[in-house]
Amino acid sequence: MESLCNRYKEYFKIGASVNTETAITDQKILLQHFNSITFENEIKFVNIQPNQNEFDFSNSDKLVEFALANKLQVRGHTLIWHAQLPDWVNKDRLPTRTELLKVMENHICTIVDRYKDSIFIWDVVNEILADDGSLKNTIWREIIGDDYIERAFWFAHDANPKAKLFYNEYNCEITGKRESVVEFYNKAKKQNIPLDGIGLQGHFGIYYPTADMFRDVFKTYAKTDMRLEITEMDMSMFRYEDHRTDLKQPTKEMIETQAKSYGEFFALFREYKDLIDGVTFWGVSDRYTWLDDFPVTRKNWPLIFDEFNHPKKAYDAIMNW
Ligand code: XIL
């Protein structure tokens, strides 16, 4: 079987998110088809700094070693986010700008510095905008101010000037949000903030959004010099509002619709290959996906390998063009 990353070697890197478990259980297809990995949760704040100034690198170190041994690029995900924060990061304990900035600096610099010889791409900030395009109100923004974002980029840049620094966002196909991301990028560039590109998460569904809707994102972003990565692609079998929990297997129609949409999205990515450095799936195979627990607990099948790690129709659709 031809390898997926080999098929796309003239286009962009092909990545998958892994955790300490799937890096072992799915190792065979991971090493065969992917040349980049993202750690699903191991670098997130709650896991890597569970108590103030007590860092736990045990799991991230393990995965970095695994990546280096197998020549996989690592995307560092993620430094500053409002979710998956430990309890000690709260407004009562850290009520002043000075204190929280210190926490942020220590967090970013410690991690980026530890992996300065192994991780060269970072999602510095994650999900900073609401769907209407306004800045999300998070503890970072409330206590530090709007400039928490540029400060985060500078801390990361100072810790490793060679690293590519990304801002990672979801739902960028939404009109308004799409434009706000560009505005943010252009403003940051004017201020010389060390921002290299935008990560488009890509948590899609088989019915929405269509590749055609997403084309407008590339059209708009192509007018800038930003680098792009699809950072978390998957394609739920369910509509967002469909919370059914009784489906044991995807229907034939679902499998085919998914394959068609994956095929169309990858055709679009190939068309815009000059802007795109990588396409990462949020998971390796349907054996494990975060969508088994989100937005409700039920089996989902959003990836291109099935529960037995065999290639699905979606795999064929992106391999054969
Ligand atoms: C998800 C993980 O996959 C889950 O295991 C965890 O419980 C919650 O976070 N956007 C992101 C990712 O940027 O970090 C999220 O990952 C999925 C949505």
Side-chain angles (χ1 to χ4, degrees), residues 15-26 30 34 36-50 56 59-60 62-63 74-87 89 107-108 111 119 121-131 135-136 138-140 149 152 156 164-174 177 181 184 197-205 208-209 214 217 228-238 240 278-305 307:
S17 74
V18 300
N19 55 49
T20 47
E21 229 169 88
T22 57
I24 297 166
T25 53
D26 299 338
L30 189 61
F34 301 87
S36 172
I37 58 175
T38 305
F39 309 162
E40 187 182 17
N41 290 305
E42 286 72 4
I43 295 183
K44 288 177 183 168
F45 212 130
V46 67
N47 295 324
I48 209 160
Q49 197 185 169
D56 177 359
N59 288 329
S60 47
K62 240 186 263 169
L63 286 177
V74 180
R75 295 196 81 260
H77 175 81
T78 177
L79 297 168
I80 296 299
W81 191 21
H82 58 271
Q84 292 181 276
L85 286 173
D87 288 344
V89 178
H107 185 75
I108 293 178
I111 300 169
I119 302 185
I121 303 176
W122 285 98
D123 288 336
V124 177
V125 293
N126 195 29
E127 305 184 345
I128 62 173
L129 294 182
D131 279 349
L135 266 186
K136 248 187 200 160
T138 67
I139 177 171
W140 306 109
I149 299 165
K164 296 272 178 237
L165 304 182
F166 275 68
Y167 147 38
N168 197 43
E169 192 55 271
Y170 68 107
N171 285 356
C172 291
E173 66 283 359
I174 294 181
K177 191 167 192 177
V181 169
F184 171 82
I198 306 294
L200 305 165
Q201 291 189 2
H203 293 293
F204 302 140
Y208 175 92
F214 214 76
V217 176
L228 289 176
E229 297 216 8
I230 313 300
T231 52
E232 308 183 11
M233 187 166 184
D234 52 17
M235 210 180 268
S236 169
M237 290 295 194
F238 301 97
Y240 196 74
V279 177
T280 293
F281 294 87
W282 205 241
V284 185
S285 81
D286 289 346
R287 225 183 34 72
Y288 161 76
T289 156
W290 76 299
L291 292 177
D292 291 344
D293 285 305
F294 182 86
V296 284
T297 299
R298 50 118 187 264
K299 188 68 202 131
N300 206 330
W301 304 270
L303 298 160
I304 58 165
F305 293 94
E307 288 175 74

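For ligands, and for the atoms within them, numbers begin at 1 and follow the listed sequence.
In the vicinity of Asn126, heavy-atom distances shorter than 4.0 Å reach the ligand 1 atoms 11 (C), 13 (O). When each atom of ligand 1 is checked for a heavy atom of Glu127 under 4.0 Å away, the hits are 10 (N). Each of the following atoms of ligand 1 lies closer than 4.0 Å to a heavy atom of Lys44: 1 (C), 2 (C), 9 (O), 12 (C), 14 (O), 15 (C), 16 (O).
Aromatic ring centres of His107 and Phe45: separated by under 6.0 Å.
At a 3.5 angstrom cut-off on N or O pairs, Asn41 counts as close to ligand 1. An N or O contact shorter than 3.5 Å links Trp282 to ligand 1 by distance.
Looking from atom 7 (O) of ligand 1 to the surrounding protein, the closest heavy atom is Gln84 NE2, 4.3 Å. The nearest protein atom to atom 2 (C) of ligand 1, hydrogens excluded, is given as Glu40 OE2, 3.4 Å; this is a heavy-atom distance. Nearest non-hydrogen protein atom to atom 10 (N) of ligand 1 is Glu232 OE1, 3.0 Å.
At a heavy-atom distance under 4.0 Å, only side-chain atoms of Tyr288, from C-beta outward, approach ligand 1.
Closest to atom 17 (C) of ligand 1 by heavy atom, among Phe39, Tyr170, Trp290, is Trp290.
Checking Ile24, Thr38, Asp26, Ile37 one by one against Val18, the side-chain contact (heavy atoms from CB on, under 4.5 Å) holds for a single residue, Ile37.
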Does Leu129 form a side-chain contact (heavy atoms from CB on, under 4.5 Å) with Tyr167? I'd like the steps, not just the answer.
CA-CA 11 Å; Leu129 294 182; Tyr167 147 38; 3.4 Å; yes
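Between Phe294 and Trp290, the angle of the ring planes stays under 30°, which puts this pair in the parallel group of the 30/60° scheme.
Ion pair Lys62/Glu42 not flagged as a salt bridge, since none of the NZ, NE, NH1 or NH2 atoms sits closer than 4.0 Å to an Asp/Glu carboxylate oxygen.
A donor atom on one side chain and an acceptor atom on the other are found under 3.5 Å apart for Asn171 and Asp131. Using modelled atom types, one finds a donor on one side chain and an acceptor on the other under 3.5 Å when comparing Asn126 with Gln201. Thr289 and Asn300 form no side-chain donor-acceptor contact under 3.5 Å, judged by distance and modelled atom types alone.
At least one heavy atom of Trp81 sits under 4.0 Å from some atom of ligand 1.
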